[in-house]
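Take a look at the structure below.
Throughout, protein chains are lettered first and strands after them, A, B, ... in sequence-line order, and every chain is numbered starting at 1.
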Amino acid sequence: MLEKVKQISQVEQGEREAKEERDEREELRELRRLRLEKLEQLRENNVEPYGGKFVRTHLAREITGHFALHQDKRVAVAGRLMARRVHGKTTFADIQDISGRIQIYLRLNDVGEDAYALFGKLDIGDILGVEGKVFQTRMGEVTIAVEKFTLLAKSLRVLPEKWHGLKDVELRYRQRYLDLIMNPQVKETFIVRSKVIHAIRRFLDQKGFLEVETPMMHTVAGGAAARPFITHHNALDIDLYLRIAPELYLKRLLVGGLEKVYEINRNFRNEGISTKHNPEFTMLELYQAYADYYDMMNLTEELITTVAREVLGTTRVSYQGEEIDLSPPYRRVTMLEAVQEYTGLDFSALEDDQAAARAAAELSMEVEPADTWGSLLNRVFEEKVEAKLIQPTFVFDYPIEVSPLAKRKKDQPRLTYRFELFIYGREIANAFSELNDPVDQRVRFQQQAEKRLRGDEEAHMMDEDFLTALEYGMPPAGGLGIGIDRLVMLLTDSPSIRDVILFPLMKPRD
RNA sequence: GAGCCAUUAGCUCAGUCGGUAGAGCACCGGACUUUUAAUCCGGGUGUCCUGGGUUCGAGUCCCAGAUGGCUCACCA
């Protein structure tokens with residue numbers, strides 16, 4: 001009995017020590033503790049630290065950019081306190097809002113002792129509303145002479161350093177809000193992203209395209225060669241796939257008579273993460289009935305140049321030190337020509353799979369038994385050519401093996417009416433004359449199914465429901481997909497896809 | 001999945017040969033009524049990523065792990 005009591009008291013002691021250690025650690029976070037105390041003090045002095053609506057008359061930039069218009073005018077601005085320079089009975093500070101920063105100036109004589117003391121208790125990071133008259137300092141800085149200010153939100157955490165900003169890449173992604181507060185270029189990038197998407201919508205709407213939304217959760221993951229994420233619907237007790245592409249649903253809409261449709265939304269692919277890949281990413285897909293892939297090339301050129309002009313005001317962009325000219329026409333080259341140009345190898349002269357395998361081996365490529373003329377042509381292109389296509393280049397007529405949803409070329413049955421657009425060695429767009437022959441499509445699915453049986457998890461799945469739709473008759477059509485994230489990377493000179501996705505996927509930290 | 005690199009105060013970073021951890025900003029106290037990376041005086045606030053090991057002694061050396069970055073692989 002005594003033993004047991006002893007044991008319990010030992011356990012209790014251990015718990016107590018652990019708790020004391022926690023308390024001690026909590027106490028060590030002095031900066032935050034100090035701010036919590038300030039919060040209490042504010043409330044004791046009847047200052048509400050978390051305000052409500054504040055009516056602003058101007059954004060910072062509107063005032064600083066047009067001083068003459070606002071001189072001596074009374075204005076109200078709101079934003080985050082980003083810097084403070086105290087000179088005894090006067091204080092300068094900087095307020096940051098969506099448009100930028102503006103300096104404010106407080107004098108004890110103007111605001112009174114209580115308010116001046118309160119301002120001294122504020123912290124960098126607090127959100128305020130200020131009212132006062134616009135003037136220019138001796139040094140020429142457009143400034144608001146504060147008559148009144150209101151605390152709108154007390155900050156309990158210390159912002160990153162004012163001069164170097166937030167550099168730690170991990171923190172920038174995990175706490176993007178801090179990145180946005182501290183690094184103006186980051187905010188600019190995401191504003192550009194928003195404008196790009198808006199410009200695309202405007203462009204397509206004007207051309208008579210209808211924006212639609214198709215399912216994100218699929219019972220068959222189709223429309224691309226990729227491994228899907230799997231989720232589960234409890235009530236129906238079925239597994240579902242997060243979509244890897246909207247393609248097969250958008251084509252069903254062509255069957256239904258929606259002749260020009262597009263969707264801008266997320267795709268999910270359960271694959272590796274890199275500077276060019278995020279598990280969820282944004283795609284534009286569009287389909288136009290009675291068009292073909294040449295129409296899609298023209299549309300792609302027009303879309304990209306329109307967006308670049310509207311958003312950046314130019315079609316010449318600098319990407320990672322490389323000058324890229326986005327003005328049309330873009331170079332157009334068949335895959336066969338491109339491979340010949342960069343390797344000297346004329347694939348069109350190779351009669352069969354064996355000849356292709358021998359030729360590929362001579363280029364010191366690994367050849368596998370399952371490889372065919374088309375798969376090798378594609379691989380030689382990917383390995384020897386792709387990275388060299390810096391200026392915008394349409395590469396067209398892709399092998400049929402790697403294009404199970406594209407229409408077969410009439411005169412060259414080993415190829416399809418398909419192109420991809422490359423810029424800076426990266427695939428930006430993918431398009432084809434859509435396969436609308438249900439019998440051919442069934443054969444293609446069957447070939448893909450065989451690849452799946454052989455262990456290719458990225459091969460397309462058979463989609464009977466889609467085939468049924470095609471059997472009702474789908475108009476011939478051109479289809480186009482553009483990776484929005486990659487386009488935005490190009491237009492914002494961002495080296496990583498994570499720089500253009502607000503919250504890229506990160507592993508949880510403990 | 002593989003290789004290389006990084007992880008030290010809230011942030012940006014030093015830290016020598018293994019000898020008990022520093023700077024700037026931010027913060028706290030004081031001075032200052034047109035500054036602007038304000039300035040001047042005083043104050044260091046820490047799970048040195050985590051866990052083992054070597055050692056009299058580890059931020060530092062070794063092993064394992066975590067997270068992140070880059071490159072490659074895969075892919076769009």
Side-chain angles (χ1 to χ4, degrees), chain A residues 21-22 24-25 27-35 37-38 82-94 101-111 116 120-121 123-125 135-143 145 155-175 178-179 181-182 223-227 244-245 267-285 366 382-383 386 402 420-422 426-430 456-458 481-487 489 495-498 504 506-510:
Chain A
E21 200 183 316
R22 277 199 302 277
E24 202 178 328
R25 204 178 295 168
E27 217 166 323
L28 291 175
R29 289 176 189 161
E30 199 187 337
L31 295 169
R32 185 150 170 276
R33 199 202 67 216
L34 276 166
R35 292 205 178 185
E37 284 172 5
K38 276 186 185 173
M82 294 303 289
R84 182 167 48 182
R85 297 173 289 281
V86 183
H87 300 258
K89 298 182 178 63
T90 69
T91 296
F92 289 93
D94 298 335
R101 289 189 188 190
I102 187 164
Q103 178 167 266
I104 63 174
Y105 178 56
L106 278 91
R107 297 204 315 168
L108 189 149
N109 291 358
D110 294 342
V111 299
Y116 194 79
K121 288 286 171 197
D123 289 297
I124 288 175
F135 76 108
Q136 214 165 11
T137 64
R138 211 181 272 163
M139 304 302 288
E141 178 100 12
V142 176
T143 304
S155 169
L156 301 180
R157 303 263 182 173
V158 184
L159 283 180
E161 205 234 4
K162 64 179 174 187
W163 191 243
H164 298 92
L166 183 65
K167 286 191 169 172
D168 185 311
V169 181
E170 189 175 349
L171 290 182
R172 286 186 46 223
Y173 297 153
R174 288 189 194 275
Q175 293 179 278
L178 291 180
D179 197 22
I181 292 169
M182 300 309 299
R227 292 163 67 181
I244 55 175
N267 288 347
F268 307 87
R269 298 190 185 172
N270 203 342
E271 283 162 359
I273 296 176
S274 77
T275 50
K276 296 182 274 304
H277 304 84
N278 195 61
E280 53 178 311
F281 62 102
T282 303
M283 277 280 284
L284 161 68
E285 280 203 17
E366 300 242 338
E382 284 178 354
E383 287 183 35
E386 228 178 77
V402 296
E420 292 190 336
L421 171 65
F422 292 88
R426 288 182 192 156
E427 183 192 335
I428 297 290
N430 179 22
D456 182 352
E457 289 184 73
E458 286 161 14
I482 295 182
I484 298 298
D485 311 278
R486 290 183 180 179
L487 180 61
M489 284 168 73
S496 168
I497 197 166
R498 296 182 206 97
M506 303 287 274
K507 273 196 182 182
R509 215 153 45 163
D510 294 339

Rounded off to whole Å, could you give me the [atom1]-to-[atom2] distance for the [X] and [N] pair?
{"X": "A/Arg157", "N": "B/G10", "atom1": "CZ", "atom2": "P", "value": "11 Å"}
{"X": "A/Asp456", "N": "B/C74", "atom1": "CG", "atom2": "P", "value": "13 Å"}
{"X": "A/Leu34", "N": "B/U45", "atom1": "CG", "atom2": "P", "value": "13 Å"}
{"X": "A/Arg174", "N": "B/C49", "atom1": "CZ", "atom2": "C1'", "value": "12 Å"}
{"X": "A/Arg35", "N": "B/A26", "atom1": "CZ", "atom2": "C1'", "value": "8 Å"}
{"X": "A/Met182", "N": "B/A26", "atom1": "CE", "atom2": "P", "value": "11 Å"}
{"X": "A/Leu108", "N": "B/U34", "atom1": "CG", "atom2": "P", "value": "13 Å"}
{"X": "A/Leu178", "N": "B/G10", "atom1": "CG", "atom2": "P", "value": "14 Å"}

How are the rings of A/His87 and A/Phe92 set to each other: parallel, tilted or perpendicular (split at 30° and 60°)?
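It falls in the perpendicular class, over 60°.
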What's the spacing between [X] [atom1] and [Y] [atom2] if we round to 0.5 Å?
{"X": "A/Glu383", "Y": "A/Glu366", "atom1": "CD", "atom2": "CD", "answer": "9.0 Å"}
{"X": "A/Arg101", "Y": "A/Met82", "atom1": "CZ", "atom2": "CE", "answer": "4.5 Å"}
{"X": "A/Asn270", "Y": "A/Arg227", "atom1": "CG", "atom2": "CZ", "answer": "6.5 Å"}
{"X": "A/Tyr105", "Y": "A/Thr90", "atom1": "OH", "atom2": "OG1", "answer": "4.5 Å"}
{"X": "A/Ile244", "Y": "A/Glu271", "atom1": "CD1", "atom2": "CD", "answer": "8.5 Å"}

What is the nucleic acid contact for [X], judged by heavy atoms within less than 4.0 Å: base, sugar-phosphate only, or nothing?
{"X": "A/Arg426", "result": "nothing"}
{"X": "A/Asn109", "result": "base"}
{"X": "A/Gly165", "result": "sugar-phosphate"}
{"X": "A/Met506", "result": "sugar-phosphate"}
{"X": "A/Ala245", "result": "nothing"}
{"X": "A/Arg227", "result": "nothing"}
{"X": "A/Thr91", "result": "nothing"}
{"X": "A/Asn278", "result": "base"}
{"X": "A/Leu171", "result": "sugar-phosphate"}
{"X": "A/Arg498", "result": "sugar-phosphate"}
{"X": "A/Phe135", "result": "base"}

Could you tell me whether a side-chain N or O of A/Lys121 sits under 3.5 Å from a main-chain N or O of A/Lys38, the two making a donor and an acceptor?
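Between the backbone of A/Lys38 and the side chain of A/Lys121 there is no qualifying donor-acceptor contact (under 3.5 Å).
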Selection from [options] that lies nearest to any side-chain heavy atom of [X]:
{"X": "A/Arg107", "options": "B/G68, B/U34, B/U33", "result": "B/U33"}
{"X": "A/Glu170", "options": "B/U67, B/A76, B/C70", "result": "B/U67"}
{"X": "A/Lys89", "options": "B/U33, B/A76, B/C11", "result": "B/U33"}

Derivation of the side-chain contact (heavy atoms from CB on, under 4.5 Å) call for A/Gln103 and A/Thr137:
CA-CA 10 Å; A/Gln103 178 167 266; A/Thr137 64; 3.7 Å; yes
Please check if atom CD in A/Glu37 has more than 12 non-hydrogen atoms from other residues, nucleotides or ligands closer than 6.0 Å.
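Yes - once you tally the heavy atoms of other residues, nucleotides and ligands closer than 6.0 Å, there are more than 12.
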Between [M] and [N], how far apart are the [atom1] atoms? Round to whole Å, please.
{"N": "B/C13", "M": "B/G44", "atom1": "C1'", "answer": "16 Å"}
{"N": "B/G42", "M": "B/G24", "atom1": "P", "answer": "11 Å"}
{"N": "B/G10", "M": "B/G46", "atom1": "P", "answer": "7 Å"}
{"N": "B/C56", "M": "B/C40", "atom1": "P", "answer": "48 Å"}
{"N": "B/C72", "M": "B/U60", "atom1": "C1'", "answer": "31 Å"}
{"N": "B/U7", "M": "B/C48", "atom1": "C1'", "answer": "10 Å"}

Nearest-nucleotide comparison on RNA chain B, the residue closer to the 5′ end among A/Pro160 and A/Glu383:
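It is A/Pro160 whose nearest nucleotide is closer to the 5' end.
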Residue whose closest nucleotide on RNA chain B lies nearer the 5' end, A/Glu458 versus A/Lys507
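Nearer the 5' end of the strand: A/Lys507.
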Close side-chain approach of A/Met182 to A/Arg172, heavy-atom, < 4.5 Å:
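No, side chains not in contact.
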[N]: pairing nucleotide in any strand, Watson-Crick or G-U under 3.5 angstrom:
{"N": "B/U71", "answer": "B/A2"}
{"N": "B/U7", "answer": "B/A66"}
{"N": "B/A31", "answer": "B/U39"}
{"N": "B/G22", "answer": "B/C13"}

One character per nucleotide, please: for nucleotides 35-40 of chain B, 5' to 3', B when the base has a protein heavy atom closer than 4.0 Å, S when only the sugar-phosphate does, - otherwise.
BBBB--
